Protein chains: 4
Amino acid sequence: MAGETIITVVGNLTADPELRFTPSGAAVANFTVASTPRMFDKNANEWKDGEALFMRCSIWRQAAENVAESLQKGARVVVTGRLKQRSYETKEGEKRTVVELDAEEIGPSLKYATAKVTRASRGSSGFGGNSGGGGGGQSEDPWGSAPSAGGGFSDEPPF
Amino acid sequence: MAGETIITVVGNLTADPELRFTPSGAAVANFTVASTPRMFDKNANEWKDGEALFMRCSIWRQAAENVAESLQKGARVVVTGRLKQRSYETKEGEKRTVVELDAEEIGPSLKYATAKVTRASRGSSGFGGNSGGGGGGQSEDPWGSAPSAGGGFSDEPPF
Amino acid sequence: MAGETIITVVGNLTADPELRFTPSGAAVANFTVASTPRMFDKNANEWKDGEALFMRCSIWRQAAENVAESLQKGARVVVTGRLKQRSYETKEGEKRTVVELDAEEIGPSLKYATAKVTRASRGSSGFGGNSGGGGGGQSEDPWGSAPSAGGGFSDEPPF
Amino acid sequence: MAGETIITVVGNLTADPELRFTPSGAAVANFTVASTPRMFDKNANEWKDGEALFMRCSIWRQAAENVAESLQKGARVVVTGRLKQRSYETKEGEKRTVVELDAEEIGPSLKYATAKVTRASRGSSGFGGNSGGGGGGQSEDPWGSAPSAGGGFSDEPPF
DNA sequence: TTTT
DNA sequence: TTTT
């Protein structure tokens, strides 16, 4: 393919994803991402929310199943794929058109997630969720899950 | 800001992220994403890997800590942010320039993740890792983690 | 602003741009870009058109005037800006929502333009149109407008 | 192809494009785009230039010839294509790597161009150039080239 | 190394 | 119709 309109949307799920299957058994998940831009209000001297973009998305196969399993209403995600237009007819026989994102890849955003993962859980249960609403108590980390970091920051070359 | 060059990269971490702190205590994580395009070879009639793009990335604050905690070498990610150029001098005094992605958001890709999440773990331990290479044994799901799906697929309007 | 959904669309104008002015005198041009992806049909062993995306666009100020002056139905363009959603009510009182591209920059594509520019015209009349369908007779170039090129191609470093 | 890193850069040519030909006769144009972000300085309460990104670009075939013909140093452009990395060896035998934009489409930006096009020139000489520095006197427009606009602005539905 |  |  060439010449598609590629787009990346960052935002929160407006509801739990819906998982369906085609007659031939292929999984497809549908969900809507609310993307809210922030703008700096010079007068109020503060950040304010702009108007949200609600982008309907669909994703296929294994990714669809993973999305349905691991994402819930409120989850913040990064989604990328092709912008498409779909035509359909209303019950009244009117023709309508919707813009959708045919997602190629999606991931739960790590921007605000605060879940601390214990060293013990690393490699077994993995990253502790990203549900915007929920959260969910993480167990204590007896070894201290602080980043191993080490050393001060310096502005040295990157490789 | 306006007029930045926004970019989204999808690929796998070439190594574990490195977490550092600025003198003032702000966290920054650095990592490289290898993005390998696939192209259809008409002659061989099969998909082949193109040449990988290795994109150096940095991410700040809470996201940096989350990245360091939850992503490892091999993890497939979706990263979006601003493309930047950074100048530095080699030890020999030569001036060089590197292109980097100043990441705004990142998420572990759900495309190939096969980790099944038990119903029990939903809401507590969350999504079970995404390390491209690794994996890591997931616990059995006694209730069957099959998508609740239900209903046949149809091509109906999206809302 | 931060967190907007940035998008680039490449395609052809479905009609001449419409230029309007706000009460305060600001110019705004509206137009629709038809973006047609191409996909390789493995069976037919040839490229075929995919389904077009029709993206409604608006652009402001000087750019709006330039667009109205220099672009016509059929012109191929590269447009980039923010994806937005706009709500409105139909005459029947129904609420509808449309996705639009609030364009920041636009340029007539140089991909297929065949207009030859005479050396004489360089710097005065400039580039000779870009109407996808039309074309339009260009004047002869008495000196030969062939690229000065020179030298064979080599794969040397880029700077 | 799938999984490429698509990117759009907006900025000004740092020099005239260089046109070359492969041994087999294919045209390729090389040029660098300087993309300068603008950021609002809250303290100074004014817009300031950020640090420029200098993106090396190449474009092929007809587009290459058109670029060489119609764009000059300083021209503002919108370029979109695939981000690539190219390896080469310095004369000293060192291996280096550069990031480049393999451009698919490019157009001279209509954002700031002020050239007025007479009705007479429409369809013959076309749009009056976009050379950042130049400008170039346009002839008078005897019929008045004012946008036909008409009617006040209203916020009505887009189709 | 460019531009408003 | 979501989130910090």
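Letters A, B, ... mirror the listed sequences (proteins, then strands); counts begin at 1. Because the structure is a prediction, the values reported are computed rather than measured.
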key: D:Glu46 CD - E:dT4 C1' separation (whole Å)   = 14 Å
task = Nearest 0.5 Å please: distance from the CZ atom of D:Arg38 over to the CD atom of B:Glu4.
result = 12.5 Å
task = Apply the test side chain to side chain donor-acceptor pair (under 3.5 Å) to residues C:Ser109 and D:Glu105: give CA-CA distance (whole Å), side-chain angles for both, the deciding distance (0.1 Å), then the verdict.
result = CA-CA 6 Å; C:Ser109 171; D:Glu105 303 258 357; 2.5 Å; yes
query = So what does A:Ala52 hit on the nucleic acid, given a heavy-atom distance under 4.0 Å: a base, only sugar-phosphate, or nothing?
reply = base
task = Grab the CG-C1' distance between A:Asp16 and F:dT2 for me, whole Å please.
result = 12 Å
ask   = Should A:Leu13 and A:Val33 count as side-chain neighbours, where that means a heavy-atom distance under 4.5 Å?
value = yes
request  = Report the nucleotide, chosen from E:dT3, E:dT4, F:dT2, that has the shortest atom-to-atom distance to any side-chain atom of D:Thr36.
outcome  = E:dT3
key: Whole-Å gap separating P (E:dT4) and CH2 (D:Trp47)   = 18 Å
key: Distance in Å, D:Thr32 OG1 paired with D:Phe54 CZ, rounded so as to fall on 0.5 Å steps   = 9.0 Å
D:Met39 CE to E:dT3 C1', straight-line distance once rounded to whole Å = 17 Å
note = From CZ of D:Arg56 across to C1' of E:dT1 the rounded distance in Å is 11 Å
request  = Take atom CG of D:Leu71 and atom C1' of E:dT1, then tell me their distance rounded to the nearest Å.
outcome  = 17 Å
inquiry  = What is the distance, to the nearest angstrom, from the CD atom on D:Gln72 to the C1' atom on E:dT1?
reply    = 17 Å
key: SB check D:Lys111 C:Glu104 (cutoff 4.0 Å)   = yes
request  = Mind calculating the distance between CD (C:Gln85) and C1' (F:dT2) to the nearest angstrom?
outcome  = 12 Å
remark   = Out of F:dT2, E:dT4, E:dT1, minimum distance to the side chain of A:Thr14 belongs to F:dT2
key: Nucleotide nearest A:Asp49 (side chain, heavy atoms from C-beta), chosen from E:dT2, F:dT4, F:dT2   = F:dT4
task = Tell me which nucleotide among F:dT2, E:dT2, E:dT4 gets nearest to the side chain of A:Ala34.
result = F:dT2
query = Out of F:dT1, F:dT2, E:dT2, which nucleotide sits closest to the side chain of A:Asn12?
reply = F:dT2
ask   = For A:Phe54 and F:dT2, do the ring centres fall under 5.5 Å apart while the planes stay under 30° apart?
value = no
